[in-house]
Number of protein chains: 2
Amino acid sequence: MSSETDDLRGGLGRNLTYGLLEHLGRQIVTGAFAETPFPTEADLSEEHGVSRSVTREAVKMLTAKGLLTARPRQGTSVQPVANWNLFDADVLRWLLERKFSPELLRQFNELRAAIEPAAAALAAQTADARGLALIEAGFARMVAAEAGDDDGLNADIAFHLAILRASGNPFFAQFRDVVATALRTSIRFTNRIVGRTADLAAHGAVKDAICAGDPARAHAAMTAIIGDVMTVIATEQAHHHA
Amino acid sequence: MSSETDDLRGGLGRNLTYGLLEHLGRQIVTGAFAETPFPTEADLSEEHGVSRSVTREAVKMLTAKGLLTARPRQGTSVQPVANWNLFDADVLRWLLERKFSPELLRQFNELRAAIEPAAAALAAQTADARGLALIEAGFARMVAAEAGDDDGLNADIAFHLAILRASGNPFFAQFRDVVATALRTSIRFTNRIVGRTADLAAHGAVKDAICAGDPARAHAAMTAIIGDVMTVIATEQAHHHA
DNA sequence: CATGTCTATTTATATGATTAAAATGAATTG
DNA sequence: CAATTCATTTTAATCATATAAATAGACATG
């Protein structure tokens with residue numbers, strides 16, 4: 001086993017294929033092949049010290065995620081960014097790890113501003129007992145976190161994901177990765193949990209509106225939360241520029 | 001070349017791997033493996049008359065799309081629906097081809113109701129000359145379609161996609177597949193272009209608001225369009241039940 | 001000038017062998 | 001009896017090599 005393959009095993013991948021997937025995925029989103037053409041599968045295999053099977057299977061996965069395309073004789077090449085599946089958890093993670101970007105964080109939250117209030121309104125209309133229970137459990141964790149008995153970030157994430165799920169719409173539920181990522185990144189950027197006690201009250205308002213079956217109030221309350229986040233991001237970004 | 005492989009070539013796939021991808025993708029979303037376990041790669045290869053390479057690469061692509069997971073000794077198995085990447089164009093298409101579902105159409109449009117007004121508002125704030133030109137071109141096509149000089153469905157799709165792109169947010173732009181699919185499906189369901197002349201006026205209102213740089217009006221106008229679609233779907237669905 | 005043919009390159013496919021991971025259940029041990 | 005260890009066995013993971021298919025580009029041909 002060569003040292004190159006050890007690198008691949010060391011990555012997030014449980015095995016060589018997933019290791020190579022991670023490595024290539026990161027390289028692609030960092031623009032490593034913007035100028036130079038993407039290597040042939042023979043070159044890739046040799047460079048990373050793995051068999052052609054491993055290379056081909058990693059390339060196929062990247063193709064499935066929209067990052068690559070392969071044709072005989074023409075070779076393999078990177079697809080335009082518009083074709084990348086940004087809602088794929090791996091792609092999202094690679095984009096984020098590549099470099100920290102306030103721009104990307106803003107775009108995340110523009111999406112949240114569109115999705116989460118709508119999800120909250122739907123939840124208020126249609127959530128079942130189990131859905132409501134999860135929302136309340138998430139909020140309870142946030143209260144506990146305030147007292148230092150739980151991790152604030154993960155409590156916050158659990159709360160928002162519970163609402164997405166309670167919307168009863170699988171398309172909304174898909175945004176869990178984006179939302180979780182956005183929240184984690186917000187923390188890294190602002191280096192603190194946005195808002196704190198004011199934030200806790202705002203979350204409580206969302207919870208109450210959903211439990212009361214009031215879609216309009218749930219929508220408004222969630223809009224307020226994300227509006228606060230946007231404000232913090234904007235001011236923080238201004239500080240950076242100053 | 002056996003007859004099984006001919007089937008795979010005949011599908012949407014340009015080659016055996018993509019043919020098998022299509023075949024398995026459709027089988028999975030139709031619940032063909034809900035009771036019976038997913039076959040081992042040896043069985044799959046034999047059953048479809050292809051080599052293990054082809055099988056493994058197709059399985060890897062399905063894994064990348066969230067439909068499958070594979071582990072030694074345990075075998076390959078179908079993932080819970082919550083893990084499927086619904087925003088993948090292939091997965092979306094398979095879900096739709098499986099059987100027509102008014103329920104899915106409604107969920108599509110709930111998502112549209114959250115996304116598109118927000119995208120229109122962003123476009124009104126930030127669209128550049130090229131973005132505006134594409135929106136106007138899309139609207140011009142709809143006008144031409146009214147006179148019978150263009151295809152109404154594709155003109156409608158072009159208009160909505162232009163707005164998503166003009167939002168300047170790559171996450172919003174990702175929804176082109178969902179929106180295009182929702183529009184195509186709406187047509188198939190209602191068997192006509194929703195609204196016609198009234199619809200054309202509504203689209204014109206969105207275009208004007210964006211060109212005027214008025215986010216609130218753009219948001220409201222787009223909300224109205226999708227509200228109309230939802231109404232048509234609901235009444236049509238009621239007819240079916242009657 | 002257009003059109004067909006040949007050639008080289010690259011992915012696509014096939015096959016067989018070996019290795020590694022993980023669950024099962026038997027054997028062992030306290 | 002309960003827990004733990006360990007060999008067995010099943011399956012995917014990996015490697016290596018050979019052949020097929022596709023196509024861009026050069027070249028020839030009418």
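From a predicted model like this one, the values you see are computed outputs, not experimental measurements. Each chain gets a letter, A, B and so on, in the order the sequences are listed, and its residues count up from 1.
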Taken to the nearest whole Å, OH/Tyr18(A) to P/dA20(C) is 19 Å
Identify, with sequence neighbours excluded, every residue that meets side chain to side chain contact (heavy atoms under 4.5 Å, CB included) alongside Gln27(B).
-> His23(B), Leu24(B), Ala32(B), Phe33(B)
Protein-nucleotide distance (Leu16(A), atom CG; dT19(C), atom C1'), rounded to Å = 11 Å
Taking only residues two or more places apart in sequence or in another chain, which ones pass side chain to side chain contact (heavy atoms under 4.5 Å, CB included) with Arg56(A)?
-> Glu41(A), Arg52(A), Lys60(A), Glu57(B)
Looking only at side-chain N and O atoms, does Thr17(B) come under 4.0 Å of OP1 or OP2 in dT13(C)?
-> yes
Whole-Å distance separating the NE2 atom of His48(B) from the C1' atom of dT13(C) | 16 Å
For DNA chain D, the residues among residues 55-70 of chain B that have a non-hydrogen atom under 4.0 Å from it | Arg56(B), Lys60(B), Ala70(B)
Parallel, tilted or perpendicular: which fits the ring planes of Phe87(B) and Phe87(A), with parallel below 30° and perpendicular above 60°?
-> tilted
Not counting sequence neighbours, which residues clear side chain to side chain contact (heavy atoms under 4.5 Å, CB included) with Ala144(B)? List them please.
-> Asp149(B), Asp150(B)
All N/O contacts under 3.5 Å from nucleotides 22-27 of chain C to the protein, with atom names and distances to one decimal?
unit_1, atom_1, unit_2, atom_2, d
dA23(C), OP1, Arg71(B), NH2, 2.7

How bent is the helix from dC1(C)-dG30(D) to dG30(C)-dC1(D), comparing axes over its five end pairs at each side, to the nearest 10°?
-> 20°
Of the listed nucleotides dT14(D), dT13(C), dT10(C), the one nearest the side chain of Thr40(A) | dT10(C)
Tell me which donor-acceptor pairs under 3.5 Å the side chains of residues 168-177 of chain B have, and how far apart each pair is, sequence neighbours excluded?
unit_1, atom_1, unit_2, atom_2, d
Asn169(B), OD1, Phe171(B), N, 2.8
Asn169(B), ND2, Gln107(A), O, 3.2
Asn169(B), ND2, Glu110(A), OE1, 2.8
Gln174(B), OE1, Leu86(A), N, 3.2
Gln174(B), NE2, Trp84(A), O, 2.5
Arg176(B), NH2, Ala82(A), O, 2.2

Please list all pairs passing the salt bridge (Lys or Arg N to Asp or Glu O under 4.0 Å) test where one or both residues lie in residues 74-91 of chain A, with sequence neighbours left out.
-> Lys65(A)-Asp88(A), Lys65(A)-Asp90(A), Asp90(A)-Arg93(A)
Select one nucleotide: of dT11(C), dC15(D), dT13(C), the one nearest the side-chain heavy atoms of Glu41(A).
-> dT11(C)
For Glu97(B), all residues meeting salt bridge (Lys or Arg N to Asp or Glu O under 4.0 Å), sequence neighbours excluded = Arg26(B)
Which residues satisfy the side chain to side chain contact (heavy atoms under 4.5 Å, CB included) test with Leu96(A), sequence neighbours excluded?
-> Leu104(A), Phe108(A), Thr181(A), Thr185(A), Arg188(A)
May I ask you to evaluate whether Ser51(A) reaches the phosphate of dA13(D), defined as a side-chain N or O under 4.0 Å from OP1 or OP2?
-> no
Can you find an N or O donor on one side and an acceptor on the other, under 3.5 Å apart, linking the side chain of Arg52(B) with the base of dT14(D)?
-> yes
Mind jotting down which residue pairs meet the side chain to side chain donor-acceptor pair (under 3.5 Å) criterion with at least one end in residues 29-38 of chain B? Sequence neighbours excluded, please.
-> none
Residues Asp43(B) and Pro39(B): closest non-hydrogen pair is CB-CB, 4.0 Å
Applying side-chain hydrogen bond (donor to acceptor under 3.5 Å, both in side chains) to Thr55(A) and not counting sequence neighbours gives Ser45(A)
Contact class for Ser53(B) (heavy atom, under 4.0 Å): base, sugar-phosphate, or nothing?
-> base
